Novice: 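Here it is, the structure, as structure tokens.
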Amino acid sequence: MLFATVCMMPASPTYAQTRVFVAAQGADANPCTFALPCRTFQHAHDVVASGGEIDVLDPAGYGPLSITKAISIQGHGFAGISTSSGGTAIEINATALDIVSLNGLLLEGSGVGFEGIHFIKAKALVVDDCVVRNFTLVGLSAEFASAQWLSVSNSIFDGNGGHGILLQPSVPMTATIDRSVMRGNGSSGLSIVGNTGAGALNVTVTDSVAANNWKGAGDQFGDGFVVDSDQTTNSQVDVLFTRIAAFGNRVGVYSFGNNATVSLAQSTVTGNDTGYAVANNGTFNTYGDNYIDANVHNSSGPLVSISKQ
Amino acid sequence: VKQVLVLLVVMASLHIAAFSVTSAQGQGRVFVAAQGADANPCTFALPCRSFQHAHDVVAAGGEIDVLDPAGYGPLNITKAISIQGHGFAGISTSTGGTAIAINATATDGVSLNGLLIEGNGVGHYGIIFTTANSLVVDNCVVRNFTAHGLLAVSNAVSATQWLGVSNSIFDSNLYGILLGTNSSGPLMATVHRSEMRGNGFGFYAFGSSGTGALDAAVTDSVAANNSNGVYVESSTAHSVVNVFLTRVTVSGNRTGVLATGGTANFRLAQSAVTGNSTSGFSIVNGAAGMSYGDNYIRANAGNTGSLAAIAQR
């Protein structure tokens, strides 16, 4: 890569740039400057310095990419990525020291792309102000992921065939999901699964909505928020939901398995087939200040009262 | 089924007829720009001018991308599509016109994001959601229509029909958002982090024309300075309407929250109801209004009826 860069741009120190630019009419033969921007995210990623930033100049599609280092991609709400059939828009497989930031991206699966964001490894991933929609599998998949933490804010995960977001890391992880919506996904809005790891998994979900992830009678899938860890050898998964809304799902909020713990506060659970469910010795805590009504069945399983302090 | 098939055939032949000479057919992403032209292939370099033409050429499930702040004209949506207006794509309407009509198939999902839909006090409808599986409206402004900002009507074509609204503004229309059942089909809606201000009705759920269930969850939103803030209406033998209001501010309206009719229900949680000049809440004609006991209801002219207590858990 260094050779290629040097050959193409002998007069410019591209390999050291910390901010590179992409544009609709750029070209990857360019040095990725504002004046001579590149065309694809992948090329911009390959030339930017580790820890650098890709800046987007125009609304356009910039193609799928594989991220292998610390980077910030600032899409300004108008940078698109579409995928070919079976493709993944963004794969992240960096080092355990790298932090990756995705901001303002429109990831469109068009009903043929497999996954929006496939997160394999980094120190951390943040996803802010993004739209991830219409993938056949998962919008944001952190399955078997290795990372210390993950954070999502102000983002939209709609109409994906599987989960809007799937967190199933193989190592201990903390995650926050704030002010995000997950609507019309096939398997669930948000699933947090402990079955591939053995470490503690702690997730906080605030001010977010999981809605209409169920196609109606006869659909065996389609839950809102799911916490699933059903083997005692697997991760202790502890999820605190504050001010969420679960609406129009098969199960609104689900705690499944010995090592699954849900705690629910100030949340609205309505219009679901089953409001909340507890199965296979899962734990479902309530702070006693939730609004769970007008579901076909409000409850399935015991609530445990816990105190504010 | 026959009608749907005929429609598909007609649509397919229209496509072929209209775009046989361009490579635009089947593009997953098309572009519109202020200085584009509909004779163009809708690429970034040669963008189109109108949303309608871009919609007609983009592949089903594709995306329209907007390049400049400008008006792109009204459109009729007949397929799955995502329109990304980036907060600066306008649509204005002529007198009596509709900015966006959605007449897609029962399985289609439609996404509208970042649009400025302006009625100028003469346009009739901002968005009419008639047929599709789902509509999401995010980061949009819909204002100044003589009838509805957003009208969503159930039909029996699709088993479940749902609407998701977030981070949007519905101001100065006769109806900000109106959800209505018009068949045995159910209609479900979430409204999150949105504002409805200065309308005749801020948020209106109307069940008296249909029998399908009408459910709505409104969260972290504001209905202010409307004639009627939140209006829930149905009648016996018609739709059961459940409107759930959590952390909603209802202020400065004539009537704050009103429910009328034996199958009309609202639930109120952690909400502020204040400064409404006729009544804070009004529960009439056999309707039910329920409170979790954690609402802030003060400084209204009065209330009609009484709130039933329901328990938090």
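Numbers restart at 1 for each chain; the letters A, B, ... are given by sequence-line order, proteins then strands. Note that this is a predicted model, so its numbers are computed, not measured.
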Novice: Select, from B:Ser134, B:Ser111, B:Gly109, B:Ala213, the one with the greatest count of heavy-atom pairs under 4.5 Å involving chain A.
Specialist: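 The option with the most such pairs is B:Ser111.
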Novice: So which of B:Ser82, B:Ser166, B:Gly62 has the largest heavy-atom pair count under 4.5 angstrom toward chain A?
Specialist: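 Highest number of pairs under 4.5 Å: B:Ser82.
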Novice: Would you tell me whether A:Ser153 and A:Asp178 have side-chain atoms, one donor and one acceptor, within less than 3.5 Å of each other?
Specialist: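 No, A:Asp178 and A:Ser153 have no side-chain donor paired with an acceptor closer than 3.5 Å.
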Novice: Looking at every non-hydrogen atom in both residues, tell me the closest pair between B:Val232 and B:Phe266 and how far apart they are.
Specialist: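 Nearest heavy atoms, B:Val232 then B:Phe266: CG2-CB, 4.4 Å.
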Novice: Less than 4.5 Å to any heavy atom of chain A: does that hold for the side chain of B:Arg267, its backbone, both, or neither?
Specialist: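 Side chain only.
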Novice: State which residue, out of A:Tyr254, A:Phe241, A:Phe284, fulfils the ring-ring contact (aromatic ring centres under 6.0 Å, His included) condition with A:Phe225.
Specialist: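 Among A:Tyr254, A:Phe241, A:Phe284, the one meeting ring-ring contact (aromatic ring centres under 6.0 Å, His included) with A:Phe225 is A:Phe241.
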Novice: Report which part of A:Ala24 has an atom under 4.5 Å of a heavy atom belonging to chain B: side chain, backbone, both, or neither.
Specialist: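 A:Ala24 touches chain B through backbone and side-chain heavy atoms alike.
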Novice: Measure B:Val240 against the heavy atoms of chain A and call it side chain, backbone, both or neither at under 4.5 Å.
Specialist: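 Neither the backbone nor the side chain of B:Val240 comes within 4.5 Å of chain A.
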Novice: Contact part of A:Asn298 toward chain B, heavy-atom cut-off under 4.5 Å: side chain, backbone, both or neither?
Specialist: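 A:Asn298 touches chain B through side-chain heavy atoms alone.
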Novice: Evaluate the ring planes of A:Tyr291 and B:Phe244, with Trp represented by its six-membered ring, and classify them as parallel (under 30°), tilted (30 to 60°) or perpendicular (over 60°).
Specialist: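 Aromatic pair A:Tyr291/B:Phe244 classed tilted.
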Novice: Quick one: does B:His55's side chain get under 4.5 Å of B:Ile64's, heavy atoms only?
Specialist: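 Counting from C-beta outward, B:His55 and B:Ile64 do come under 4.5 Å.
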Novice: Please state whether the side chain, the backbone, both or neither of B:Ala216 comes within less than 4.5 Å of a heavy atom of chain A.
Specialist: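 For B:Ala216, the backbone is the part near chain A, not the side chain.
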Novice: Which bit of A:Asp158 is near chain B, if near means a heavy-atom gap under 4.5 Å: side chain, backbone, both or neither?
Specialist: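 The side chain, not the backbone.
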Novice: Can you tell me which of A:Leu264, A:Ile292, A:Thr286 forms the most heavy-atom pairs within a distance under 4.5 Å of chain B?
Specialist: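 Counting heavy-atom pairs under 4.5 Å, the top option is A:Ile292.
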Novice: Are A:Arg243 and A:Asp207 within salt-bridge range, i.e. N to O under 4.0 Å?
Specialist: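 Salt bridge between A:Arg243 and A:Asp207, a charged N being under 4.0 Å from a carboxylate O: yes.
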Novice: I need the residue from B:Gln270, B:Glu63, B:Gln84, B:Met290 with the largest number of non-hydrogen atom pairs under 4.5 Å to chain A.
Specialist: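 Most heavy-atom pairs under 4.5 Å with chain A: B:Gln270.
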Novice: Applying side chain to side chain donor-acceptor pair (under 3.5 Å) to A:Asn185 and A:Asn213, what does each step give before you reach the verdict?
Specialist: CA-CA 5 Å; A:Asn185 300 287; A:Asn213 297 293; 3.2 Å; yes
Novice: Using only heavy-atom distances, determine whether the side chains of B:Asn155 and B:Ser183 contain a donor-acceptor pair under 3.5 Å.
Specialist: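 No, B:Ser183 and B:Asn155 have no side-chain donor paired with an acceptor closer than 3.5 Å.
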Novice: Less than 4.5 Å to any heavy atom of chain A: does that hold for the side chain of B:Asn167, its backbone, both, or neither?
Specialist: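 Neither part; nothing is under 4.5 Å.
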Novice: Salt bridge check, B:Asp220 against B:Arg247: does any charged N sit closer than 4.0 Å to a carboxylate O?
Specialist: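 B:Asp220 and B:Arg247: salt-bridged.
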Novice: Which bit of B:Asn265 comes within less than 4.5 Å of chain A, counting heavy atoms only: side chain, backbone, both or neither?
Specialist: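 The answer is neither part of B:Asn265.
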Novice: Looking only at atom types and distance, does a side-chain atom of A:Asn295 sit under 3.5 Å from a main-chain N or O of A:Asp273, one as donor and one as acceptor?
Specialist: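 No, A:Asn295 side chain to A:Asp273 backbone: no donor-acceptor pair under 3.5 Å.
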Novice: Where does B:Thr219 contact chain A at under 4.5 Å (heavy atoms): side chain, backbone, both or neither?
Specialist: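 Just the side chain, heavy atoms under 4.5 Å.
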Novice: If you tally heavy-atom pairs under 4.5 Å against chain A, which of B:Ala311, B:Ala189, B:Gly85, B:Gly164 wins?
Specialist: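 Greatest number of close heavy-atom pairs with chain A: B:Ala189.
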Novice: At a heavy-atom distance under 4.5 Å, which candidate from A:Asp293, A:Val209, A:Val181 has the highest pair count against chain B?
Specialist: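 Most heavy-atom pairs within the cutoff with chain B belong to A:Asp293.
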Novice: Measuring heavy-atom distances to chain B, does A:Val112 have an atom under 4.5 Å in its side chain, in its backbone, in both, or in neither?
Specialist: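 Interface part for A:Val112: neither.
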Novice: Please classify the contact between A:Asn134 and chain B as side chain, backbone, both or neither, with a heavy-atom cut-off of under 4.5 Å.
Specialist: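 Contact with chain B involves the side chain of A:Asn134 alone.
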Novice: Which region of A:Phe78, side chain (C-beta onward) or backbone (N, CA, C, O), has a non-hydrogen atom less than 4.5 Å from a non-hydrogen atom of chain B, or is it both or neither?
Specialist: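 For A:Phe78, backbone and side chain are both near chain B.
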Novice: Report the C-alpha separation of A:Tyr276 and A:Asn290 in whole Å, then their side-chain angles, then the decisive distance to 0.1 Å, and conclude whether the side chain to side chain donor-acceptor pair (under 3.5 Å) test is met.
Specialist: CA-CA 11 Å; A:Tyr276 67 90; A:Asn290 299 291; over 6 Å; no
Novice: Is any side-chain heavy atom of B:Asp138 closer than 4.5 Å to a side-chain heavy atom of A:Ile156?
Specialist: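 Contact flag for B:Asp138/A:Ile156 side chains = yes.
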Novice: Please rank B:Gly114, B:Ala269, B:Ala45 by heavy-atom pairs under 4.5 Å with chain A and give me the top one.
Specialist: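 Result: the option with the highest number of such pairs is B:Ala269.
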Novice: Between chain B and each of A:Ser82, A:Ala217, A:Gly216, A:Gly159, count heavy-atom pairs under 4.5 Å; write down the option with the most.
Specialist: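 Sorted descending by pairs with chain B, the first entry is A:Ser82.
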